[in-house]
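Below is one structure, written out as C-alpha cells; comments come after it.
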Amino acid sequence: MNVQGWTFLLVGLTFALYIGVAIWSRARSTRDFYVAGTGVSPLANGMATAADWMSAASFLSMAGLISFQGYDGSVYLMGWTGGYVLLALLLAPYLRKYGAFTVPDFVGDRYYSQTARFVAVICALFVSFTYVAGQMRGVGIVFGRFLEVDVTLGVVIGMAIVFFYAVLGGMKGITYTQVTQYCVLIFAYLVPAIFLSLLITGQVLPQMGLAGTDLASGLPLLERLDGLHAELGFAPYTDGSKSTIDVFFITVALMVGTAGLPHVIIRFYTVPRVRDARISAGWALLFIAILYTTAPAVAAFARTNLLSSVSNQPYASMPAWFDTWEDVGLIDFQDHNGDGVVQYVGPAATDASGAPVANELTIDNDIMVLANPEIAGLPNWVVALVAAGGLAAALSTAAGLLLVVSSAVSHDLLKKGLMPDITERGELLAARVSAGVAVVVAGWLGVDPPAFVAEVVAFAFGLAASSFFPVILLGIFSRRMNREGAVAGMIAGITFTAGYIVYFSFIDPAADTPDGWLWGISPEGIGGVGMVLNFAVAITVARFTPPPPESIQTMLTGIRAPGDDLVVRQP
C-alpha cells in the first residue's frame, strides 16, 4: 500500500476513535462543558494535559526548529518544560482550591471587578487565537502533504474535524479525546525515532543515538553534523549564535508563559481534589519528557539525512518525497546558476575559487518531522503514522484553546457580565455557538499565520507571560494587590508585548534583527520583559490605591491554607 493509502487508513481510524470518544463522553451540563464535572483522575488529567500541551509546535515544529537552528533551538526545550514546575508549585493547587471554571473567572472574583474580568477575557482571547493559528497551520501542512491538496484546504478540513468534537464534547469530551490522542501521538513520534536511531547510530533509544556514533562515517553523530555544516557553509550545529540575554528572556517568556496559558491552567480545574492538581502536573511532566528528550535526537537525525541526500545532488534525481513537498509549496528550488544541481548551502559557502555560492533551496521548518521518515526510506506505514500523530498533536491543543475561547465568551462575558440571568441551557448553547465561531476564526488565522508554527506559538507564550502570570501569582500571594493594580498591569504588559511583536512581524520586518531589537531581545523573548513591566506597574499602582476588601483577604487565607476543602467563592 502506498503512503497515501496508509495515511487514509490510519488517520481515518484515529479520527473515528476520537469522534467515538467525544460522543461517549459528551457534555450534558455546563459543569461538564467547562471542567469535565471535576471528576478526572490525576493520571488521565496528566495524559490529557500532555496532549493539550504537546501541540503542532512540539510534534511538528520543535524538532524542525532545532534541526535548522542547532544549539539555539534548545532554548525551546528548556522553556517549554520548566513552566510546569512553576505550575505545580505556585499556581495549580491554589487555583483548584478556589474552584473556578476559567482564568478570567478567578481574576474577576479575586479582584472584585468586572473590568478586571473583561480585561482577562480579552487577554485570553488574544493569547488563544494567536496560539491556535499555529495549530491550524500545522493541521493544514499535514493534510496538504498527505492528501496532496493545498495547505488552505487542509486547514478547512481540520476545522471541520475539530468543530465536531470541541463543540459537542466540551471539556469532558476533549479530556478523554486528548487521552486517546496522547497515546497516538507519542507512539507516532517514538516509532520513527527508534527506526532512525537504529539506522544511523545502531542505538535503540534515540536519546542514546544522539550521543552515539554515526555508522556511515564512524564519527560521533554531532561531530559529523558539524563537519557537514562546515563543508556547506552553515554555522556549526553545536554552537549558538543567540546572545545570552536573548536566550535568557526567551527561556523566561516560555517558562512563565507556560504557567500562564489559560488552556493549560483550566486542565487543573478538572480533578476531584486540590492535591490531585499537583499530582497531575507531575504526571504531565513525565509524559511530556518522553517526547521532549527525543526531539533533539530526531532533529539531528533529520538534519544529517537532509544534508546527505539533497545538497550537491542533481535536481533530476531528487527522490519522490522532494517532488511531493515541492508540489505542496513547502520546498522551493531556484536553480540560480542553471547547472541542474541543488546547491543547499549556508551563508559562508564558497566555490573552489573562493567566490560566494548562493543558496538555491528553501525548506519550511515545519516539514522536517513529517518528511524525516520519507528521507530515511522508512516503510510507508511509518510515514502515515507520523501524519496521524501530527494531526493528533495539533487537534488536541486546538480543541483546548477553542474551549478557552468559548468559555470566556459564554461564562465570563455573558453569564458573569452581560447576561447574568441566562439559563444553564442558554449558557451551554452560547458556549457551543462561540466555539463554532472560534473554529472559523482560527481557520482563517491558520491560513496565513505571521511565521512558522513554533514561532507563532512562542508569540502566544510571550502574551500569556506578560498578561496572566503576574496577575494570577500576585492574586494568590499578595494581600495588597488590588483591582486597579491588576487591570493596569495586564493592560501594560500585553499592550507592550503585542505591540513589539506586531511591529517586527508586520510594520517593519526588515528591522527584525539583533541590531534592531530592544536591548537585543527578540520578539520571541519580549514576553519576559512584558512580564516584568506587568509586575512593576501592578505593584506601583496598588501601592497608591485602596487595598482590597477584608473579604478578599479572608478568601486568600483560605486559598493558601492546607487541605482539600474548596474556598467559598465571592459573589
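Given the structure is predicted, the values throughout are model-derived calculations rather than measurements.
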Side-chain donor-acceptor pair present, Ser308, Asn305, cut-off under 3.5 Å: no
Asn45 versus Ser280, side-chain donor and acceptor atoms under 3.5 Å: yes
Side chain to side chain, Phe469 and Val256, heavy atoms closer than 4.5 Å: yes
Side chain to side chain contact (heavy atoms under 4.5 Å, CB included) evaluation trace for Met318 with Glu326: CA-CA 11 Å; Met318 283 293 102; Glu326 194 175 21; over 6 Å; no
Euclidean distance, Asp276 CG relative to Trp283 CH2, rounded to 0.5 Å: 12.5 Å
Pairwise side-chain contact, Ile501 with Ile526, heavy-atom cut-off 4.5 Å (strictly under): yes
Minimum heavy-atom distance Pro373-Pro192, with the two atoms named: CG-CB, 4.1 Å
CG on Leu210 to CG on Leu205, rounded to 0.5 Å: 12.0 Å
Close side-chain approach of Gln313 and Val341, heavy atoms under 4.5 Å: no
Side chain to side chain contact (heavy atoms under 4.5 Å, CB included) evaluation trace for Leu291 with Ile186: CA-CA 7 Å; Leu291 187 146; Ile186 201 65; 3.8 Å; yes
Test item: Leu361 and Val310 side chains (from C-beta on) under 4.5 Å apart, heavy atoms: yes
Straight-line distance of Phe195 CZ to Leu385 CG, nearest 0.5 Å: 10.0 Å
Rounded distance [0.5 Å steps], CZ in Phe248 versus OG in Ser243: 12.0 Å
Approximate separation, where rounding is to 0.5 Å, of Leu378 CG and Leu196 CG: 5.0 Å
Donor-acceptor contact below 3.5 Å, side chain Gln343 vs main chain Glu360: no
Heavy-atom closest contact (Ser522 atom, Ile250 atom, distance): OG-CD1, 3.5 Å
Listed partners of Thr304 passing side chain to side chain donor-acceptor pair (under 3.5 Å), at least two apart: none
Non-neighbouring partners of Asp72 that pass salt bridge (Lys or Arg N to Asp or Glu O under 4.0 Å), sequence neighbours left out: none
Donor-acceptor contact below 3.5 Å, side chain Asp332 vs main chain Thr362: no
Minimum heavy-atom distance Ala371-Trp325, with the two atoms named: CB-NE1, 3.5 Å
Inter-residue atom distance Tyr182.OH - Met47.CE, 0.5 Å rounding: 7.0 Å
Centroid separation Tyr237 to Tyr71 less than 6.0 Å: no
Residue pairs involving residues 202-211 (criterion side-chain hydrogen bond (donor to acceptor under 3.5 Å, both in side chains); sequence neighbours excluded): Gln207-Thr293, Gln207-Thr294
Pair Asn372, Glu374: side-chain N/O donor-acceptor within cut-off below 3.5 Å: no
Residue pair Val383, Trp6: steps toward the side chain to side chain contact (heavy atoms under 4.5 Å, CB included) verdict: CA-CA 8 Å; Val383 178; Trp6 274 110; over 6 Å; no
Ala253 versus Gly525, closest heavy-atom pair with distance: CB-O, 4.1 Å
Audit row: Thr201, Thr213, side chain to side chain contact (heavy atoms under 4.5 Å, CB included) steps and yes/no: CA-CA 5 Å; Thr201 67; Thr213 300; over 6 Å; no
Atom of Tyr344, atom of Ser311 and distance for their closest heavy-atom approach: O-OG, 2.9 Å
Lys NZ or Arg CZ of Arg303 over Phe234 ring: under 6.0 Å, within 45°: yes
Heavy-atom pair with the smallest gap, counting every atom of Leu307 and His229: CD1-CD2, 3.6 Å
Flag if over 12 foreign heavy atoms under 6.0 Å of OH, Tyr292: yes
Side-chain heavy-atom pair Ile66, Leu77 within 4.5 angstrom cut-off: yes
Note, Val204 side chain near Leu198 side chain (heavy atom, < 4.5 Å): yes
Sidechain-backbone polar pair: Asp335 side chain, Gly340 backbone, donor-acceptor under 3.5 Å: yes
Flag side-chain contact, heavy atom, 4.5 Å: Leu185 against Tyr189: no
Within-4.5 Å side-chain heavy-atom neighbours: Val342 and Asn312: no
